[in-house]
Amino acid sequence: MLDLPAQISDSLMLLVHGQRALAHLAVDDAQKLVHAGGDLAHYGLADVQPGDSACDRISFLEGLLPLAENPFLLRSMEMPSGRVADVHLFADGSTVWIVLLDVTMEHDEAQRVQQKAYDMTLLSQREARLIEQLEAANQELRRAHSELAASREALQRTHDRLQQELRDAERYVRSILPAPLSEPLAIDWRFVPSTELGGDSFGYHWIDDEHFALYLIDVCGHGVGAALLSVAVADTLRSEALPRTDFRRPAEVLAALNQAYQMERHGELFCTVWYGVYHRATASLRYASAGHPPAMLVSGPREAAGDCVPLKASGPSIGISPAARYGDEHCSLQSPARLFVFSDGTYEITRPDGSMLAFADFAEVLARPVRDGQSELDRLLDFAREMHGPGVLEDDFTIIEMAL
């Protein structure tokens, strides 16, 4: 390595292995695992075995094999263990080598810095008025700081105006969210951003008389930049503004979104998206996911404990790679049943002792019987706040319920 003596080279390799929890896998041209080694348990992959289907066992590989670029790097991918790793992919003949290097510490630090560093990003023409107001308020705030010695009172007035603009922005974001429905489908939702402007947005609408679209977007980070991108993506879906795209086909919609919202053109922001289409005539659901948590289907009458089943789908987040691929999944929605679509902020709850709420506990609350007059969504929000303890939730709490 670098023409260094073997003793030094070996020491450096041990240093990388110890600090970065090095792990590696090899996949053949049939997308089967042929080799696995290193600290796989660190990433929650201790049980992978040669002969396994690579995409089935390692979901983030879905749509990436064979490699479109060599070498290829996926930065800051969350692993099954909750750790974050840089994923390096190298093609060696018919074999693709996958090397995992732990970057959890850097990822966590970058997120903290990113939340402070995100500023304005452009929204569509429909949000131009909002952007002008926020930029004007921001400029006035900077000018007031430079003139602090001359007028403290003027600085305070500008600060108050900025806060009012943020409240106006929050009201605007809420004003474009769809109203709950009672027929022919019962739709309800809860949206509690962790700051004035969060990174979540959602929507639903009839594509035609038979097809009903339902979608939820979760942009990385919080604040103005994340909110603007989230609203822009939701507006694109709501207005069906993706050329040559059949909005009844979720995988086709996500692929078109991915091309339109590559992160290098949107302030290095990416997002997860769940998009589903309900077909009224057949009572069936076609859905696809771009790095989003699985929707949950609870079957059975509301007054009894239900059977809670995750609707799993895989695909990379929107904006990470232009070569990303997505696939449709299908299921039947037999009444009575409730479909829940949510962001990770609904169940990734940190308890006062620092432990995380288990996803199974979240699913158990969804499956509980519902008393007459009780709101399942309010019950779930109260549960999240109880588990979290005092203070606001760390992430946006967003969930949609569709009842049949």
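All figures in this text were calculated on a predicted structure; none of them were measured in a lab. Residues: numbered from 1 along the sequence shown. Hydrogens, waters and symmetry mates are skipped; everything else that's a heavy atom, side chains included, is used.
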Answer yes or no: is there an ion pair linking D47 with R57, defined by an N-O contact shorter than 4.0 Å? yes
Are the side chains of V273 and L216 in touch, meaning some heavy atoms are under 4.5 Å apart? no
Could you check whether any side-chain heavy atom of V96 comes within less than 4.5 Å of a side-chain heavy atom of F90, counting everything from C-beta outward? no
Return yes if a side-chain donor-acceptor contact under 3.5 Å exists between T236 and Y261, otherwise no. yes
Side-chain H-bond candidate by donor/acceptor type, R190 with S375, under 3.5 Å: yes
From CA spacing to verdict: salt bridge (Lys or Arg N to Asp or Glu O under 4.0 Å), D382, R379: CA-CA 5 Å; D382 291 343; R379 180 177 68 183; over 6 Å; no
Main-chain N/O of P178 paired to W189 side chain as donor or acceptor, under 3.5 Å: yes
Within the 4.5 Å heavy-atom criterion, are L393 and V192 side-chain neighbours or not? no
With rounding to the nearest 0.5 angstrom, report the CZ to CG distance, R83 to D39. 10.0 Å
Is a side-chain donor or acceptor of Q31 paired with a backbone partner of S53 at a separation under 3.5 angstrom? no
Could you tell me whether a side-chain N or O of R325 sits under 3.5 Å from a main-chain N or O of A255, the two making a donor and an acceptor? no
Regarding D29 and S94, do their side chains bring together a donor and an acceptor under 3.5 Å, going by distance alone? no
Smallest separation among heavy atoms of P301 and P336, with atom names: N-CG, 3.6 Å
So which pairs with a foot in residues 33-87 pass ring pair (Phe, Tyr, Trp, His ring centres under 6.0 Å), sequence neighbours left out? H24-H35, H35-W97
Taking D218 for its side chain and D200 for its backbone only, find out whether a donor-acceptor pair lies under 3.5 Å. no
Looking at side-chain heavy atoms only, is the closest gap between L33 and D28 below 4.5 Å? no
What pair of heavy atoms forms the shortest contact from T272 to S317, and how long is it? CG2-OG, 3.6 Å
Nearest atoms (heavy-atom pairs only) where A256 meets T245: CB-OG1, 3.5 Å
Restricting to side-chain contact (heavy atoms from CB on, under 4.5 Å), what partner residues turn up for T346, sequence neighbours left out? F342, S343, F362, F397, I399
What pairs with H211 under ring-ring contact (aromatic ring centres under 6.0 Å, His included), at least two apart in sequence or on another chain? H279
Nearest heavy-atom neighbours spanning M79 and A85: CG-CB, 4.2 Å
Heavy-atom side-chain contact between R286 and Y278 under 4.5 Å: no
Starting at CG of L185, measure out to CZ of R280 and round the result to the nearest 0.5 Å. 7.5 Å
Looking at D188 and P180, would you say the former's side chain and the latter's main chain have a donor-acceptor pair under 3.5 Å? no
With side chain to side chain contact (heavy atoms under 4.5 Å, CB included) as the criterion, how do Y287 and C331 come out once you've worked through the C-alpha distance, each side chain's angles and the decisive distance to 0.1 Å? CA-CA 9 Å; Y287 59 95; C331 74; 4.2 Å; yes
Here the gap from Q334 atom CD to L297 atom CG, rounded to the nearest 0.5 Å, amounts to 10.0 Å
Counting C-beta onward and ignoring hydrogens, is there a side-chain heavy-atom pair between L257 and L237 closer than 4.5 Å? yes
Under the criterion side chain to side chain contact (heavy atoms under 4.5 Å, CB included), I'd like the reasoning laid out for V27 against T95: C-alpha separation, chi angles, the key distance, then a yes or no. CA-CA 6 Å; V27 179; T95 301; over 6 Å; no
Polar side-chain atom of R20 near backbone of D102 as donor-acceptor pair, under 3.5 Å: yes
With a 4.5 Å cut-off on side-chain heavy atoms, are P316 and S321 touching? no
Spacing of CD1 belonging to I349 relative to CG belonging to D395, to within rounding of 0.5 Å: 8.5 Å
To the closest 0.5 Å, what do you measure between CG (L254) and CZ (R249)? 14.0 Å
Quick one: do L214 and I400 satisfy side chain to side chain contact (heavy atoms under 4.5 Å, CB included)? Show the steps, please. CA-CA 9 Å; L214 180 72; I400 311 170; 3.8 Å; yes
Reported CZ-to-OG distance for the pair R174 and S201, which is rounded to 0.5 angstrom: 11.0 Å
Evaluate the criterion side chain to side chain contact (heavy atoms under 4.5 Å, CB included) for residue pair L242 and E240; output intermediate values, then yes/no. CA-CA 6 Å; L242 294 170; E240 299 184 9; over 6 Å; no
Quick check on the 6.0 Å ring-centre criterion: do Y215 and W274 meet it? no
Look only at the side chain of E401 and the backbone of L377, and say whether a donor-acceptor pair between them is shorter than 3.5 Å. no
Any residue meeting salt bridge (Lys or Arg N to Asp or Glu O under 4.0 Å) with E364, in chain and number order, not counting sequence neighbours: R368
Do E376 and V370 have side chains that approach each other closer than 4.5 Å (heavy atoms only, starting at C-beta)? yes
Do any N or O atoms from the side chain of S230 and from the backbone of A226 form a donor-acceptor pair under 3.5 angstrom? no
Neighbour count >12 (heavy atoms, 6.0 Å) for atom CG, D208: yes
Strictly by modelled atom types, are S194 and D396 linked by a side-chain donor-acceptor pair under 3.5 Å? yes
S355 meets the side-chain contact (heavy atoms from CB on, under 4.5 Å) criterion, sequence neighbours left out, with R351, D353
Nearest heavy-atom neighbours spanning D209 and W206: O-CZ3, 3.8 Å
Measure across D235 and R238 and return the closest heavy-atom pair with its distance rounded to 0.1 Å. OD1-NH2, 3.1 Å
Measure from the ring center of F383 to the ring center of H388 and say whether it is less than 6.0 Å. no
Within residues 59-80 or reaching into it, pairs that qualify as side chain to side chain donor-acceptor pair (under 3.5 Å) - sequence neighbours excluded: none
